[in-house]
Amino acid sequence: MRGFAYVVEDEEYFSSASIRVLGICYDIRHALMGNREYQFVENGLTDEIKKYQGFIASDKNIYLKIYVLWSEMLFVLWALNDFSLHYAKKITKNQSMYNLLTKRVGKKAFSPESCSDGLQPSEHDS
């Protein structure tokens with residue numbers, strides 16, 4: 001959690017989003033601990049398949065349930081993406097490395113100083 005707090009301390013608008021993200025994480029954690037609902041679902045393994053494969057397994061899988069609105073989940077996904085981009089920008093030393101980490105590589109992403117082999121950006125594109 002240290003990296004998450006490191007991202008949040010910079011800008012104030014991240015604090016309310018981080019509370020919502022941590023709320024979802026809290027629900028997932030309690031579901032894994034067995035404090036939420038669960039459902040058994042058939043996994044399609046038959047006795048013949050288990051005998052042929054040579055392993056012992058259950059006939060059912062367990063699905064853990066948490067109740068989250070779709071809009072809340074979409075917001076959390078957006079916020080986590082934004083947090084990771086903000087953190088990547090913070091830990092990189094130069095703009096070209098940030099572009100590489102976020103897959104924003106183009107003709108303007110490279111500078112002659114960032115190329116270790118001395119090639120110009122136009123030579124990398126061919």
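All residue numbers refer to positions in the sequence shown, counting from 1.
As a member of the Ile/Leu/Val/Met/Phe/Trp/Tyr network built from side-chain separations under 4.5 Å, W70 groups with nothing else and remains a singleton. Cluster partners of L45 are I49, F55, counting Ile, Leu, Val, Met, Phe, Trp and Tyr whose side-chain heavy atoms approach within less than 4.5 Å, directly or via other members. Through chains of ILVMFWY side-chain contacts below 4.5 Å, V41 is grouped with Y63.
For the pair K50 (side chain) and A57 (backbone), a donor-acceptor distance under 3.5 Å is present. Side chain of N43 to main chain of S58: a donor-acceptor pair is present (N/O by atom type, distance under 3.5 Å, no hydrogens or angles).
In this structure, K65 and R36 approach most closely via the heavy-atom pair O-CB, 3.4 Å. Considering every non-hydrogen atom in both A79 and V21, the closest pair reads CB-CG2, 4.0 Å. The two residues S18 and F83 come nearest to each other via the heavy atoms N-CZ, 3.9 Å.
Relative orientation of the Y38 and F40 rings is perpendicular, given thresholds of 30° and 60° on the angle between their planes.
Distance check: D27 CG to N35 CG gives 11.0 Å after rounding to the nearest 0.5 Å. In this structure, the separation between CD1 on I66 and NE2 on H30 is 11.5 Å, given to the nearest 0.5 Å. Separating the CG atom in D59 from the CG atom in D47 is a distance of 6.5 Å, to the nearest 0.5 Å.
In this view, Y52 satisfies the side-chain hydrogen bond (donor to acceptor under 3.5 Å, both in side chains) rule with no residue, not counting sequence neighbours. For R20, the salt bridge (charged side-chain N to carboxylate O under 4.0 Å, His left out) test picks out E72, with sequence neighbours left out. With sequence neighbours left out, E48 forms a side chain to side chain contact (heavy atoms under 4.5 Å, CB included) with T46.
Note on I24 and Y26: separate hydrophobic clusters, where clusters join Ile, Leu, Val, Met, Phe, Trp and Tyr whose side-chain heavy atoms are under 4.5 Å apart, directly or indirectly. Hydrophobic clustering keeps V76 apart from Y67 (ILVMFWY residues linked when any side-chain heavy atoms are closer than 4.5 Å, directly or through intermediates). Hydrophobic clustering places L32 together with I62 (ILVMFWY residues linked when any side-chain heavy atoms are closer than 4.5 Å, directly or through intermediates).
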